Structures are given as C-alpha cells and as structure tokens.
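Below is one structure, written out as structure tokens; comments come after it.
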Protein chains: 2
Amino acid sequence: MATIRDVAKLAGVSVATVSRVLNKNSYVNKDTEQKVVKAIEQLQYEPNTVARGLAGKETGTIALILPDISNPFFPVIARGVEDVAQRHGYTVILCNSDDHGQKEKGYIEMLRKKYVDGMIFASSTLSEEDVEQMRKNKIPLVVLDRALTSQSYSVIRARNYEGAKLAVRHLLDIGCKKIAHLYGPQEMITAKERLQGYEDSVKHAPWYTPSLMLPGHFHMDGGLRAVKDLMEKHSDIDGIFCGNDLMAVGALKGLHQLGIRVPDDVALIGFDGISLTEITQPELSTIAQPNYDMGKLAAEVLFEAIQSGVVQPKLYELEVTLIERDSTARKPTDRP
Amino acid sequence: MATIRDVAKLAGVSVATVSRVLNKNSYVNKDTEQKVVKAIEQLQYEPNTVARGLAGKETGTIALILPDISNPFFPVIARGVEDVAQRHGYTVILCNSDDHGQKEKGYIEMLRKKYVDGMIFASSTLSEEDVEQMRKNKIPLVVLDRALTSQSYSVIRARNYEGAKLAVRHLLDIGCKKIAHLYGPQEMITAKERLQGYEDSVKHAPWYTPSLMLPGHFHMDGGLRAVKDLMEKHSDIDGIFCGNDLMAVGALKGLHQLGIRVPDDVALIGFDGISLTEITQPELSTIAQPNYDMGKLAAEVLFEAIQSGVVQPKLYELEVTLIERDSTARKPTDRP
DNA sequence: TAATATTGTGTAACCGGTTACATATAAATT
DNA sequence: AATTTATATGTAACCGGTTACACAATATTA
C-alpha cells in the first residue's frame with residue numbers, strides 16, 4: 001500500500017505538502033496541488049486511518065453502547081446510527097452492556113484507548129463518573145432516553161409522558177371503563193414517565209386504584225405474568241396500557257391463555273412501535289416512537305459535536321404517534 | 001494518559017524492556033519485570049491500541065458485515081459474535097451491506113485501512129474478488145451461510161437440506177396430504193438448499209407439482225402474497241413449509257386474512273427459529289438453527305485464525321432441530 | 001521604496017507503540 | 001580455561017500520518 005511518502009516522492013514535494021492537500025488546511029499552490037492529486041491517483045493512495053488517529057486526528061470510529069442488540073427495540077436504532085455514520089465515512093463499534101455498570105465501564109475504557117471520536121449511549125446505567133471521565137477526555141457524547149442532567153452531553157428522547165396520555169385517552173375514547181397499566185423498571189426514565197402519564201390521566205377517575213399498576217419489567221414474560229395477576233385481582237378491567245410493546249405481546253399471550261378476547265373483552269395498547277406489533281394476532285395498537293430517526297438524529301448530533309469540536313448540550317424531544325390497530329378496534333358503542 | 005516512555009522512566013529501564021514485559025515475548029529478568037509492573041500500576045498505564053495497531057500489531061478490532069441488523073435474523077448472531085469478541089478483549093465494527101456488492105466493497109476497503117484483525121461475513125453477495133483481496137492482505141475471514149468454495153476462509157452453516165427434510169417429514173407425520181413450499185432468493189445457498197430438501201422429499205409423491213413451490217423472497221410481505229397465490233391455485237393443500245420464519249409469519253397473516261385456520265385447515269412450519277415464532281398466534285413450528293451459537297462459533301474460529309496466524313479453511317455444519325408448536329399441532333387422526 | 005502581510009513549501013519532531021540489532025553478562029559446554 | 005549459548009537490556013529505526021517552526025517569494029500597505 002502506498003504511503004504519504006511515496007506520494008510525496010512521486011509528486012516531487014514534501015510530505016507536509018501532501019498532507020496539506022489532503023486536509024485542505026493550509027496554503028497550497030494550485031499547480032502543486034494538481035501534481036499531488038495526480039500522484040495520489042496514480043498510486044491509488046488512501047491515507048491510513050490508524051496512523052491518522054495516532055497523530056491526533058480523528059479515527060473515523062464512533063461507538064454505540066446499548067443494553068442488548070437482540071432486544072428488538074434496538075436493531076432499528078442501531079441501523080439509524082450506522083446509516084448516518086456510513087454516510088460520514090465513519091464506522092460504528094457495537095457494544096452490548098446488558099445494563100451492567102461494570103461491563104459498561106470496561107467498554108468505555110477500551111473505547112477511550114481506541115480513540116473513538118464519539119459515543120452514543122442507549123443505556124440506563126451510565127454513571128455520572130463515566131460521563132465525567134468522557135468529558136475530561138473530550139469525547140463527545142450523545143445519550144438516548146435520559147433526563148438532561150449534565151451539561152456535557154445531548155439527549156435524544158421521545159415524548160413518553162405525552163405518549164402515555166395519548167394511549168390512555170385512546171382507550172377511553174373507544175369506551176374503556178377501567179384501565180390498567182403495566183410498567184417497566186423505574187430506574188429507566190422512559191418507564192417512569194410513561195407510568196406518570198398513565199397516573200396523571202386516570203388518578204381522578206372513580207375506578208382508579210394503585211393496584212391497577214403492575215410491574216412487567218419491560219419484558220415479554222413480565223407482561224405475561226403481570227396480566228395474569230392483574231386479571232385475578234381485577235376481572236372487570238377492559239383496557240390495558242403497556243409501558244412497552246414487549247410487555248404488550250406478553251400480555252396478549254396471557255389474555256389469550258386466560259380465554260379473554262382482545263379487543264372485545266379487553267383492549268390492549270403498547271408503546272414503542274417495534275415491528276413485533278404487526279405480527280401478533282390481533283395486531284397491536286401502539287404509541288410509536290420514531291426509532292430509526294432517533295438513531296439517525298443521535299448520530300447527526302454526535303457528528304455535529306465531533307466536527308465543530310464543541311459540545312452544545314441540548315435536549316431533543318421527538319413526537320410519538322398513536323397507531324390504531326386491531327387490539328383496540330372497538331366501537332365506543334360496543335359496550336354501552 | 002501515561003505512555004510507555006513514562007513507565008520506562010519511572011521503572012528506570014528502556015521502553016523496549018517495558019514492551020517486553022507487556023508482550024511477554026522475550027527475556028526479562030524477574031526483578032526488572034517487577035519494577036516495570038509496579039511502575040505500570042503506579043501510573044495506571046494502559047497501552048494505546050491505536051499506536052499498537054500502527055506498529056504492526058493487532059488493533060483489537062474485528063468487523064461483522066451483514067445485510068441488515070434490523071432483519072430479526074441477525075441480532076442474535078451479532079450478539080453471539082460480540083460476546084466472544086468482548087471476552088477476547090476485542091471490539092466489533094458493525095456494517096450493514098444491504099446485500100449490495102458496491103456497499104460491501106466500500107466497507108471492506110475502509111476496514112482494511114483501519115487494519116481490522118479479521119472479518120465475519122453474513123452476506124450472500126461477497127465476491128470472489130473481495131475474498132482474494134482479503135487473502136492478499138492476510139485478513140482472516142469467516143463466512144456464514146455459504147458453500148465452501150474458497151481455500152481462504154472457513155464457513156459456518158446450518159444443515160439446511162436436512163432441516164428441510166425434517167420439516168416436510170414432520171408435516172407428513174401429522175397427516176398432511178399436500179404440501180407446498182415458499183422459497184427464498186436462489187442466490188442464497190440457504191434458500192437453495194432448503195428448496196432442494198423440500199423437492200427431494202416430495203418429488204415422488206403423487207400430488208407433487210412444481211407449482212407448489214412459490215417464491216416469497218425471505219420476507220414477510222413475500223410470504224403473505226405467495227400464500228394468497230398459492231391458495232388460489234391449490235385450495236386443497238393442507239401443509240406449507242416456509243423457507244424461513246419471516247415468510248411463515250407472512251403466510252400465517254395471509255391465511256388468517258383468507259379465513260383459513262392454522263393448523264386445522266393448513267399446518268405451517270418455518271425455518272430459522274427466530275423469536276418472532278413465539279409471539280404469533282398460533283405459535284409457529286420451525287426448524288431452529290442455533291443462531292447465537294453460529295455467531296459465537298464464527299467469532300471463535302476467527303480468533304483462532306487471528307491468533308495462530310494461519311487460515312485453516314474448514315466447514316462447520318451445525319445441527320438444526322424441529323420445534324413443534326401450535327401451527328402444526330394436529331393429531332394424525334384429525335384428518336382421516 | 002521600505003516595511004509588512006500573505007502565500008507557499010520543506011525540515012524534522014511528534015503521536016505511542018514494536019522490534020531488529022548491538023552489546024554485555026552469566027551459564028553451559030568442550 | 002576458552003568457547004559457545006542463553007539470558008538480559010538498551011539504542012534507534014520504524015509504522016504512516018500531522019504540524020510547529022523556519023524560511024522564501026510574492027503581494028500589499030504605508
């Protein structure tokens with residue numbers, strides 16, 4: 001492979017000049033530039049990213065740290081990130097943290113040693129200490145689904161609270177008379193906000209009682225188990241808002257096992273808008289958040305920070321939309 | 001951040017000695033080693049991966065190139081790869097090729113410039129030319145789901161042919177009298193082998209006719225459309241073997257729309273064993289291939305090649321297993 | 001016209017490691 | 001005791017870029 005010195009020799013100039021042509025960051029005579037360009041083409045020269053990285057420039061690499069790529073919520077986000085990165089000539093290192101603080105720390109350490117140009121976090125366990133470390137090392141940082149508590153990173157999130165209200169409103173609109181909620185781990189701000197949205201929507205209803213809120217851990221099994229508990233305690237509920245789609249799928253399974261019909265007996269709505277919701281029977285209504293766009297935006301914001309060299313911490317809140325499907329397809333008149 | 005020269009100074013030795021302690025590849029006196037180790041600890045020194053990479057050593061990075069991480073078939077494989085990599089202290093660069101040769105070439109070029117230590121391909125479009133390029137650059141390569149045609153890489157694959165036979169046999173066992181097959185893109189060896197397995201299983205059956213084999217493009221929509229065509233032409237079929245689970249999900253949807261009951265009227269079985277099959281109603285029977293293990297094995301084989309420095313091209317064929325679920329839950333006596 | 005600013009290019013140090021080569025001492029062999 | 005071999009360490013070149021600094025030529029300003 002040709003090096004910058006080969007190019008310099010062929011063009012009859014110094015390596016510094018070649019470097020200047022490549023980076024367009026200093027004066028270069030038009031004619032000289034032409035000579036260099038010609039030499040580069042002739043040798044099919046491509047600058048070496050590793051050497052460049054070592055010399056203090058960008059390494060052309062960003063990292064995406066998420067809990068688990070096999071959780072169907074993340075692949076689309078990852079795809080959004082990767083598409084943008086690819087367009088910028090960057091590659092993406094994928095890390096599965098399992099929401100495990102220690103594993104996360106290990107990754108951060110490793111990535112720092114690799115001089116990654118920036119990181120995107122989709123994880124609820126990112127510690128302030130880690131954030132501080134990255135700030136010190138001037139590694140730009142973008143975080144998904146967090147509160148904006150630090151002055152050193154931008155946050156991308158969906159309007160969870162509003163989405164939750166939207167979901168409950170929809171259930172009420174189709175005539176639900178008693179609505180339960182399955183919520184996720186309260187360390188996650190998304191889970192918390194969705195629960196809050198539910199609570200604020202229903203707390204003044206005559207039928208409201210705290211036991212209508214059950215934990216489902218954002219997982220399918222959790223949803224399944226929770227819904228069975230729920231129906232035992234409250235056999236008269238006719239609507240369930242699940243804090244995420246995975247739990248909704250589990251709930252649907254559970255209801256089916258109990259012989260309860262969806263949406264006729266109980267209407268069901270999830271949150272996230274992952275593709276799973278289209279393959280259940282009945283298809284699941286959901287509050288969709290723009291997952292691909294979240295990944296895309298995260299990457300765009302990150303590159304903005306990388307290129308400008310300044311971190312302008314900012315909060316991006318993305319709109320969510322109600323997607324009505326069969327699991328809430330009930331005429332208001334069905335249940336007088 | 002401390003450098004190797006800082007360590008050398010503190011320990012009162014040369015950088016070469018420090019490097020030797022680090023790499024354990026030459027003589028170092030026990031006492032000297034102790035001094036160096038102490039200095040390393042004191043300074044919390046960690047060798048810089050980028051510098052190491054430039055100096056001709058490993059970069060601690062491998063690449064995983066697959067068509068699309070948002071295709072539910074791949075996340076689990078990716079997870080398998082990443083887990084092994086992480087255990088070896090490596091990071092994984094994720095690339096989405098969209099099965100687009102040109103994009104793939106671009107990635108390979110980029111990854112070569114980054115000195116990745118090896119690549120794993122899960123893509124049907126990898127060209128011989130690219131393979132040759134990587135062989136020349138001595139970049140170890142492991143490929144998923146391909147025929148073993150080259151002497152320069154190992155292949156990990158599932159027993160597709162046998163799996164297809166297993167699927168058809170199962171449908172026959174539960175009493176199916178006329179079985180159709182939806183197949184995937186024939187450029188993919190997996191699709192081809194599964195089709196072959198079906199054909200060989202049924203070609204001597206009295207009801208066999210080529211029009212029982214329809215293309216479904218390995219996608220949900222394709223499966224849905226194909227099944228509608230199919231039922232129009234052959235309203236009497238009572239079993240469908242789908243070349244992958246995604247098509248089976250589509251087929252299930254299609255059958256449901258046509259008012260055909262699964263498994264009572266038509267039994268349905270897929271291939272792959274992705275998690276989607278557990279959330280449909282009815283749950284889908286499938287021929288499961290060990291996706292996580294395939295990713296894991298791919299990475300292990302790759303690291304073996306990286307560490308030994310020799311490519312020992314080998315074919316790994318993994319077993320598949322029949323998973324019986326509701327979509328084929330029919331007593332042989334149900335249909336006399 | 002002299003002084004100053006702008007443009008253009010090369011030399012060499014630097015990023016942070018690895019390693020070929022040289023050299024020295026201790027241990028083993030003849 | 002002399003020679004060979006194994007052990008131990010340092011010096012400096014190298015990987016392939018970037019860039020501070022020096023210097024020259026040209027353009028602009030006073």
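What you see is a predicted model; the values in this text were computed from it and never measured. Each chain gets a letter, A, B and so on, in the order the sequences are listed, and its residues count up from 1.
For residues 302-309 of chain A, proximity to DNA chain C is found at no residue, defined as any non-hydrogen atom under 4.0 angstrom from a strand atom.
A donor atom on one side chain and an acceptor atom on the other are not found under 3.5 Å apart for A:Y153 and A:R135. Side chain to side chain, A:Q289 and A:R157 fail the donor-acceptor criterion of an N or O pair below 3.5 Å. Judged purely by distance below 3.5 Å, without hydrogens or angles, the side chains of B:R79 and A:N71 never pair a donor atom with an acceptor atom. Under 3.5 Å, the side chains of B:N23 and B:R52 contain a donor-acceptor pair of N or O atoms. No side-chain donor from either of A:N29 and A:E33 sits under 3.5 Å from a side-chain acceptor of the other. Residues A:T190 and A:N160 bring no donor and acceptor atom of their side chains to less than 3.5 Å of each other. With 3.5 Å as the limit, one finds no donor-acceptor pair spanning the side chains of B:K114 and B:T59.
A ring pair (Phe, Tyr, Trp, His ring centres under 6.0 Å) check over residues 25-81 of chain A, counting only residues at least two apart or in different chains, returns nothing. Applying the ring pair (Phe, Tyr, Trp, His ring centres under 6.0 Å) test to every pair with at least one member in residues 107-141 of chain B, sequence neighbours left out, gives no pairs at all.
Each end of the helix from C:dT1-D:dA30 to C:dT30-D:dA1 gets its own axis, taken as the rotation carrying the C1' atoms of four end pairs onto the next four within a five-pair window, and the two axes meet at 40° to the nearest 10 degrees.
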For nucleotides 8-21 of chain C, read 5' to 3', which letter fits each nucleotide if B means a protein heavy atom sits under 4.0 Å from the base, S means only the sugar-phosphate is that close, and - means neither?
BBBBB--BBBSBBB
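Under the rule for a ring-ring contact (aromatic ring centres under 6.0 Å, His included), B:H100 has no partner lying at least two apart in sequence or in another chain.
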